[in-house]
> 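Okay, handing you the structure first.
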Amino acid sequence: MKTKVSFVCQSCGFQTPKWMGRCPSCGEWNTLIEEVVEEESSPGLSLTTSAPVLYGEIKEVTQQRIQTGINDFNQVLGGGIVKGSLVLIGGEPGIGKSTLMLQISRDLASHQKKVLYVSGEESLEQIKLRGERLGLRQEKIYFFSETILERILQAVENLSPEILILDSVQTVYSSQLTSSPGTISQVREVANRIFRQAKAREMATFLIGHITKEGTLAGPKSLEHIVDVVLSFEGERDHSYRVLRVLKNRFGPVSELAIFEMSEEGLKSVENPSAFFLRERPGHEPGSVVVCTLKGTRPLLAEIQALVSSSLFLGNPRRMTVGLDRFRAAMLMAIVEKKLGYSFAGEDVYLNVAGGLAIEEPAADLGILLAVVSSVKNRALPPEVAVFGEIGLSGEIRSVTQPGLRIKEAASLGFKTLILPQGNKNALTQEKRAGIELIGVKDVRQAIKLFF
Ligand code: TYD
Ligand code: MG
């Protein structure tokens, strides 16, 4: 196989051996990116090796998975690390990606797995320092401080690791391309060649990629279709918790998520996320409501906070949300105005999910609505009440998925009363009621009457 370099238009696929500012085919500017194009050295394909097969003749494969000692991490991957899979872990610089992967490496090494940790960002001495912080002792992890892809592949050849970690994909580059590390063409070339190695050797590989908040670093984004799994490591730097979320998984569900806390000794699994996110909740404050939400397959209690105060911005009051969808919140406020007769014309409305969580699902609607009304009325809900329910445009409260899980979670955290959609309550079997008082509501007016 012979390799040659060519410039490929990222917009229409036009190829040229020479760089040009504008694609002569589609007319787009700055779309020509250097890529390695491989040519078959022998002309003519073999026609015998590839043919369609009948479904019944396809061999069943059981995916072999490697379990790590960090259960949450296994769960996020859909039940452990699939051999030969290529996993991209994206996140902002400083969020804890290297820390997480070093901890995973330690765990794997302690279970007799051969791990090669390639760092293009840190010297061996820096890695040692971090390792000391994390309490690494004589673990058998191979470290390699290197940025040239060809040398890394050679090391893979020599060592035959079962797990490879590349920290980060932006710092590694192929000497066959002239473009600098971190450019789309380099990042893709690195991922493609590592992908082939991972498959050929059944070596599970983790690519670490830096992504800025705006997602501006195009590099790792452009890898999402190449890799098998995309994980996102998120959190606020001034909060200690971190969320590991799945964005894509060829071997498992994409709704899973794990929560960690960054401590002096590295990342720790948060065993009880609900308690964690409610730990600083004020008891009797207007505008605070606890909702039972689902994150992936796991229920999670979170506190929604609303603050409604008269606006200084005449005719243009503020509508701010943190961790909630702004349009959904605006819709709910319109429902409050129309169905309950409140007016927010001269009011600023601020909505927040405590602890920096983000909630996307409509099951939080009822919580948002109650928080807003509680703030307007300046009256707190009883602290042992939790709620869930979706709200429709006519003010009706609609059933949501997995009521049983939500109820159980609220009950296990000591909540006494749960406000939920009447439809969900009707459908419940006795054993799902979990010894908590359930109040079903049909529409927003009925829900408001319970408290105000
Ligand atoms: P790091 O893993 O280097 O982030 P990334 O690889 O995503 O850029 O984590 C960096 C931060 O984590 C740094 O600010 C220090 C902090 N940290 C701890 O709080 N405790 C620890 O045990 C370690 C190793 C790091
Ligand atoms: Mg790092």
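Read the numbers this way: they start at 1 and go in the same order the structure lists the ligands and their atoms. For clarity, every value in this text was computed on a predicted model and none was experimentally measured. Heavy-atom basis, side chains included; hydrogens, waters and symmetry copies ignored.
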> Taking only heavy atoms of Ser263 into account, list the atoms of ligand 1 that are under 4.0 Å away from them.
18 (C), 19 (O), 20 (N), 21 (C), 22 (O)

> Within the 3.5 Å criterion, strictly below it, is a donor on Gln75 or Asn71 matched to an acceptor on the partner's side chain?
no

> Tell me whether the Mg ion (ligand 2) has Ser119 as a neighbour, meaning an N, O or S atom of it below 2.8 Å.
no

> Would you say Glu264 and ligand 1 have an N/O pair spaced under 3.5 Å apart?
yes

> Taking 4.0 Å as the limit for heavy-atom contacts, which would you say applies to Lys97 with ligand 1: side chain only, backbone only, both, or neither?
both

> Counting each atom of ligand 1 from 1 as listed, which ones have a heavy atom of Glu92 under 4.0 Å away?
7 (O)

> Provide, to 0.1 Å, the distance between atom 16 (C) of ligand 1 and the closest protein heavy atom, together with that atom's residue and name.
Met262 CE, 4.1 Å

> Quick one: which of Arg133, Arg130, Gln126 has a heavy atom closest to atom 15 (C) of ligand 1?
Arg133

> What do the steps show when you test Ile419 against Phe451 for side-chain contact (heavy atoms from CB on, under 4.5 Å), and what is the final call?
CA-CA 11 Å; Ile419 317 299; Phe451 303 106; 3.8 Å; yes

> If you measure every N/O of Leu134 against every N/O of ligand 1, is any gap under 3.5 Å?
no

> Would you say the side chains of Thr68 and Asn74 form a donor-acceptor pair under 3.5 Å?
yes

> For atom 10 (C) of ligand 1, state which one of Gly94, Ser119, Gly90 supplies the nearest heavy atom.
Gly94

> Classify the contact between Ile208 and ligand 1 as side chain, backbone, both or neither, using a heavy-atom distance cut-off of under 4.0 Å.
neither

> In terms of ring plane angle, is the pair Phe277 and Tyr241 parallel, tilted or perpendicular, where the classes change at 30° and 60°?
perpendicular

> At what distance is the nearest protein heavy atom to atom 2 (O) of ligand 1, and which residue and atom is it?
Thr99 OG1, 2.6 Å

> Using a strict 4.0 Å threshold on nitrogen-to-oxygen distance, state whether Asp348 and Arg318 make a salt bridge.
no

> Measure the acute angle between the ring planes of Phe143 and Tyr117, then classify it against the limits of 30° and 60° as parallel, tilted or perpendicular.
tilted

> How does Ser98 reach ligand 1, by side chain, by backbone, by both or by neither, if only non-hydrogen atoms under 4.0 Å count?
both

> Going by distance alone, is a donor N or O of one side chain under 3.5 Å from an acceptor N or O of the other, for Thr178 and Glu34?
yes

> I need the atoms of ligand 1 closer than 4.0 Å to a non-hydrogen atom of Pro93, numbered in the order shown.
8 (O)

> Between the side chains of Ser98 and Asp167, does any donor sit under 3.5 Å from an acceptor?
yes

> Please verify whether a non-hydrogen atom of Ser168 lies at under 4.0 Å from ligand 1.
no

> Hey, does Gly91 sit under 4.0 Å from ligand 1 if you only count heavy atoms?
no

> Walk me through whether Lys199 and Glu202 qualify under salt bridge (charged side-chain N to carboxylate O under 4.0 Å, His left out).
CA-CA 5 Å; Lys199 298 297 162 193; Glu202 293 215 307; over 6 Å; no

> Does Lys268 come within less than 4.0 Å of Glu265, counting only side-chain N to carboxylate O?
yes

> Could you name each residue pair satisfying salt bridge (charged side-chain N to carboxylate O under 4.0 Å, His left out) that touches residues 285-303, not counting sequence neighbours?
Asp72-Arg298

> Yes or no, since that's all I need: does a protein heavy atom fall within a distance strictly under 4.0 Å of atom 13 (C) of ligand 1?
no

> Nearest protein heavy atom to atom 4 (O) of ligand 1, by residue and atom, and its distance?
Gly96 N, 3.0 Å

> Would you say Gly266 has any N or O atom under 3.5 Å from an N or O of ligand 1, going by distance alone?
yes

